[in-house]
Amino acid sequence: MASMLGGPADTVAQALLGLMLCRRFEDGVVVRGRIVETEAYAGVEDAASHSFGGRRTARNEAMYGRAGMAYVYFTYGMHWCMNVVCATQGDPQAVLLRAIEPVEGIDRMETNRLANPKAARVLPEAQIGAGPARLCAAFGIDRAWNGSDLLKGGERGERLWLEPGVVPAVVVLGPRIGIDRAGEPWVSKPLRFGDAGSPSLSRRFR
DNA sequence: ATGACGATTTACT
DNA sequence: GTAAATCGTCATA
């Protein structure tokens, strides 16, 4: 598990598909979701990456950490998104988790969603984790998890970690979402990966 | 101190 | 399809 995260973002993005993202809450409840959609952010060369050009700030510091670290950031004034840091320490590559398919603790995912007044809309089960911010809302992931080690888990009896899962039968690729301003060639590179058979993708691939 | 912006989601026409 | 919501972060001064 640890070794597979040490590679470049595009490789890791594909390898993460099928793995289980798991969290245990203080009350002991566990939620699990199968990762079905990811995006690779290739580091200093990648104009769409928060680390483009070696940019290093308090916000993206986790990108420079060890593989297996979580990089969680806040955006649009209301949403959290989570990445799995990859490559080697000091090389700021990461993979954005764009969608999970609910597997366990679905009631708790609902509760977590409803706890956020901005996400009070009820969604069909398959859509609960279909989107980078939806996934974080469902799992209750926020800034407290930035920099946490996904291979070890968190503190306070709470944990956020990865487990082996079922590899997708068919993987589809496409351009990344919401990065138009990065310009070519980065806007067109096929760095978005999905499990073609999943009903929980954030958007269609084409 | 101020202003511009965002790896999104939701509601509405 | 378009637009609003909403605020932490960063660059500039």
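We name chains A, B, ... by the order of the sequence lines, and we start the count at 1 in each one. All of these numbers come straight from a predicted model, not from anything done at the bench.
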K.L.:
So, is A/R59 close to the C/dC10 phosphate, meaning a side-chain N or O under 4.0 Å from OP1 or OP2?
P.N.:
no
K.L.:
Tell me the stems DNA chain B sits in, counting at least three consecutive Watson-Crick or G-U wobble pairs, each under 3.5 Å on both distances.
P.N.:
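The stems that DNA chain B takes part in, listed by first number, are B:1-6 with C:7-12, B:8-12 with C:1-5.
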K.L.:
Look at the side chain of A/T75 and decide which nucleotide, out of B/dT9, C/dT9, B/dG6, has an atom nearest to it.
P.N.:
B/dG6
K.L.:
Rounded to whole angstrom units, what separation is found between the CG atom of A/L135 and the C1' atom of B/dT8?
P.N.:
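Atom-to-atom, A/L135 to B/dT8, this comes out as 13 Å.
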K.L.:
Check whether any side-chain nitrogen or oxygen of A/H50 sits under 4.0 Å from OP1 or OP2 of B/dA7, and answer yes or no.
P.N.:
yes
K.L.:
From the list C/dG8, B/dA7, B/dT10, which nucleotide is the closest neighbour of the side chain of A/F74?
P.N.:
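The answer is C/dG8.
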K.L.:
Given C/dC10, B/dT9, B/dA7, which nucleotide is nearest the side-chain atoms of A/R203?
P.N.:
B/dT9
K.L.:
What I'd like to find out is whether the side chain of A/N83 reaches to under 4.5 Å of the side chain of A/Q93, using heavy atoms alone.
P.N.:
no
K.L.:
Just by distance, no angles: are the side chains of A/R98 and A/T38 close enough, under 3.5 Å, to form a donor-acceptor pair?
P.N.:
no
K.L.:
So A/L96, base contact, sugar-phosphate only, or nothing? Heavy-atom distance under 4.0 Å.
P.N.:
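It contacts base atoms.
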K.L.:
Ignoring the backbone of A/S49, work out which of B/dG6, C/dT9, B/dA7 is nearest its side chain.
P.N.:
B/dA7
K.L.:
Can you give me the closest heavy-atom contact between A/E45 and A/F52, atom names plus distance?
P.N.:
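The pair with the smallest heavy-atom distance is O-CE1, 3.6 Å.
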K.L.:
Any side chain to side chain donor-acceptor pair (under 3.5 Å) involving residues 65-75 of chain A? Give me the pairs, sequence neighbours left out, ordered by first then second residue.
P.N.:
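Residue pairs passing side chain to side chain donor-acceptor pair (under 3.5 Å), neighbours aside: A/H50-A/Y71.
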K.L.:
Reckon A/R55 touches a base, only the sugar-phosphate, or nothing at all at heavy-atom distances under 4.0 Å?
P.N.:
sugar-phosphate
K.L.:
What contact category does A/M82 fall into here, base, sugar-phosphate, or nothing, at under 4.0 angstrom with non-hydrogen atoms?
P.N.:
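No contact.
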K.L.:
Measure the distance from CE on A/M78 to P on B/dA7 and round it to the nearest whole Å.
P.N.:
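Those two atoms, CE and P, are 13 Å apart.
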K.L.:
Whole angstroms only, please: what is the CZ-P distance between A/R176 and B/dA7?
P.N.:
11 Å
K.L.:
For A/A58, report the nucleic acid contact type (base, sugar-phosphate, nothing); a contact means any heavy atom under 4.0 Å.
P.N.:
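Sugar-phosphate: the residue A/A58, judged by heavy atoms under 4.0 Å, touches backbone atoms but no base.
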K.L.:
Reckon A/A133 touches a base, only the sugar-phosphate, or nothing at all at heavy-atom distances under 4.0 Å?
P.N.:
sugar-phosphate
K.L.:
Do A/D149 and A/W161 come within less than 4.5 Å of each other through their side chains, counting heavy atoms only?
P.N.:
no
K.L.:
Report yes if the ring of A/Y73 lies under 5.5 Å from the six-membered base ring of B/dA7 with planes under 30°, and no otherwise.
P.N.:
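Given the distance and angle limits, no, they do not stack.
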